[in-house]
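Accompanying notes for the structure given below.
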2 protein chains.
Amino acid sequence: MRKTVRELQKEQTKELLLQTAYEVFSKKGIMNTRVSDIAQAAGVSHGTIFVHFSSLEAMIEEVVALYGQKIAMRTHALAQSSGSLSDLLRAHLCGIMEFEPFYTHLVIENRLLPPGARDSWISIQSAVSFHFSLVYEREFGHNDRPGIPLHMLFNMWMGLVHYYLQNGDLFAPEGNVIGRYQDILIDSYLKLLKGGMTEK
Amino acid sequence: MRKTVRELQKEQTKELLLQTAYEVFSKKGIMNTRVSDIAQAAGVSHGTIFVHFSSLEAMIEEVVALYGQKIAMRTHALAQSSGSLSDLLRAHLCGIMEFEPFYTHLVIENRLLPPGARDSWISIQSAVSFHFSLVYEREFGHNDRPGIPLHMLFNMWMGLVHYYLQNGDLFAPEGNVIGRYQDILIDSYLKLLKGGMTEK
DNA sequence: TCATATAATGACTATATAGTCAGTGACCTA
DNA sequence: TAGGTCACTGACTATATAGTCATTATATGA
């Protein structure tokens, strides 16, 4: 059955709301955004939001799910062409950089978001973890760092990156934390990792 | 001039409010706590809070300043007796562990707190940074890790620890993240650090 | 063409909660 | 001991804001 104009416009409006919410969240933070902020930015009335979402929480969950998936997909795509761990880390940071303001608010607020949003957040991490393990074992095997579990190496990388994003107001008040620090982050991490380690 | 009973009781009440707020914050999180939660837990009326604090924000700032200082002092004390970096990291984690629920909420919420509270949070980090640099240079000098700035090594440690605390709901749902992971955290970090590095 | 369905509207309601203030009784001091 | 002071009370106010719903205007399709 063909789509009527109405159905099409409804979809467009919802699309508009999701994207507008993403932009407002990126700028103001998620928990600091009011329904009216989004309505106003999208140029629709307050009530329209609730035509498309059952509640603000539901809307947050949907926005985070949608853009979380975009982030994961993009990271996935960039990671495909990574031969080395160095490439992968750079791909990871590139993926983040494309969504940096929003991603940063997820880093800052993820524990305070509705449950579904936190789940989406965690699946982004999982996607990265998958590629990290893959590339790491291809490059080094898994016995080169006896006593340090692979997941710990992954957690160190994530911890480092998120630490910089979470404290972005100190590290790069203009906002481009990744652009400014990606080289030193990757370089330092790899030097530490490879200290005394032989490649496969 | 001697203190009157009144003055004394006023001080006691304020003390009680600060400590009660600390406890409620530790349990419920800071931004999720209402004035009435604290009043009820302390067994005073709602209005009493505002006899002692000009606003909820001011109260939060004062609580975080007070307990932030306690944490810093305690860490300082524990770090004094640290001969090696290993000792220092353990001291650091011990210091955190004594305040773990509250400290965890600072990790999770610090970017959303009133400005003064964030300042207090940052000074805790500074205190740790100071000891870290001191012990590190004593143990290794500062040329053993060419190409990795000392502050980056510090940020990696902090990033790792905070990553575990921030995701404590995944790592240790019962809450004792540090107790459960301190050995592996210290061990992994030091192994990574010392890979191929000679001591001074 | 017209009766119906529905996306959008925005005024309205319900609720949560920070902060105020007049009142009270215990303490203070002269 | 008497009048004043002040910590404390809790009902009250002000405000912000999520969510509702009757109404409107437009598209649908018989």
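Lettering follows sequence order; numbering is per chain, from 1. In this text the structure is predicted, and so the values were computed from the model without any measurement.
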If the plane angle is over 60° it's perpendicular, under 30° parallel, otherwise tilted; pick one for [X] and [Y].
X        : Y        : answer
A:His162 : B:Tyr163 : tilted
A:His46  : A:Phe50  : tilted
A:Tyr22  : A:Phe99  : perpendicular

Kindly give the atom pairs (protein nitrogen or oxygen, nucleotide nitrogen or oxygen) under 3.5 Å for nucleotides 10-15 of chain D.
none

task: Please list residues of residues 19-34 of chain A whose heavy atoms come under 4.0 Å from any atom in DNA chain C, ordered by number; otherwise none.
output: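 Nothing qualifies; none.
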field: More than 12 heavy atoms from other groups under 6.0 Å of CD on A:Glu23
entry: yes
query: Would the number of heavy atoms belonging to other residues, nucleotides or ligands and lying under 6.0 Å from CD of B:Glu15 be above 12?
result: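 Atom CD in B:Glu15 is not crowded, with 12 or fewer foreign heavy atoms closer than 6.0 Å.
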Grab the [atom1]-[atom2] distance between [X] and [N] for me, whole Å please.
X       : N      : atom1 : atom2 : result
B:Asp37 : C:dT17 : CG    : P     : 8 Å
A:Leu56 : C:dA16 : CG    : P     : 17 Å
B:Glu7  : C:dC28 : CD    : P     : 9 Å
A:Phe53 : D:dT20 : CZ    : P     : 15 Å
A:Met59 : D:dA18 : CE    : P     : 11 Å
B:Ile38 : C:dA18 : CD1   : P     : 9 Å
A:Leu8  : C:dA8  : CG    : C1'   : 16 Å
A:His52 : C:dT6  : NE2   : P     : 14 Å

Checking contacts here: which listed nucleotide ([options]) is nearest the side-chain heavy atoms of [X]?
X       : options               : value
B:Phe50 : C:dA8, C:dG19, D:dT28 : C:dG19
A:Val51 : D:dA7, D:dT26, C:dT9  : C:dT9
B:Thr13 : C:dT20, D:dT28, D:dC8 : D:dC8

message: Could you tell me if A:Thr48 and A:Ser45 have a donor-acceptor pair between their side chains, going purely by distance under 3.5 Å?
response: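 Result is yes, a qualifying pair exists.
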task: Would you mind telling me which residue lines up with the more 5' stretch of DNA chain C, A:Lys10 or B:Ser54, judged by nearest nucleotide?
output: A:Lys10
- request: With sequence neighbours excluded, tell me which residues meet side chain to side chain donor-acceptor pair (under 3.5 Å) with A:Asp37.
  value: A:Lys28
message: Do A:Phe25 and B:Met31 land in one hydrophobic cluster if side-chain heavy atoms of ILVMFWY residues count as linked below 4.5 Å?
response: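 Yes, A:Phe25 and B:Met31 fall within the same hydrophobic cluster.
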- request: Apply the side-chain hydrogen bond (donor to acceptor under 3.5 Å, both in side chains) test between A:Lys14 and each candidate in A:Glu62, A:Gln9, A:His52; give the one that qualifies.
  value: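 The passing option is A:Glu62.
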query: Does B:Arg6 make a side-chain donor-acceptor contact with the base of C:dC27, cut-off 3.5 Å?
result: yes
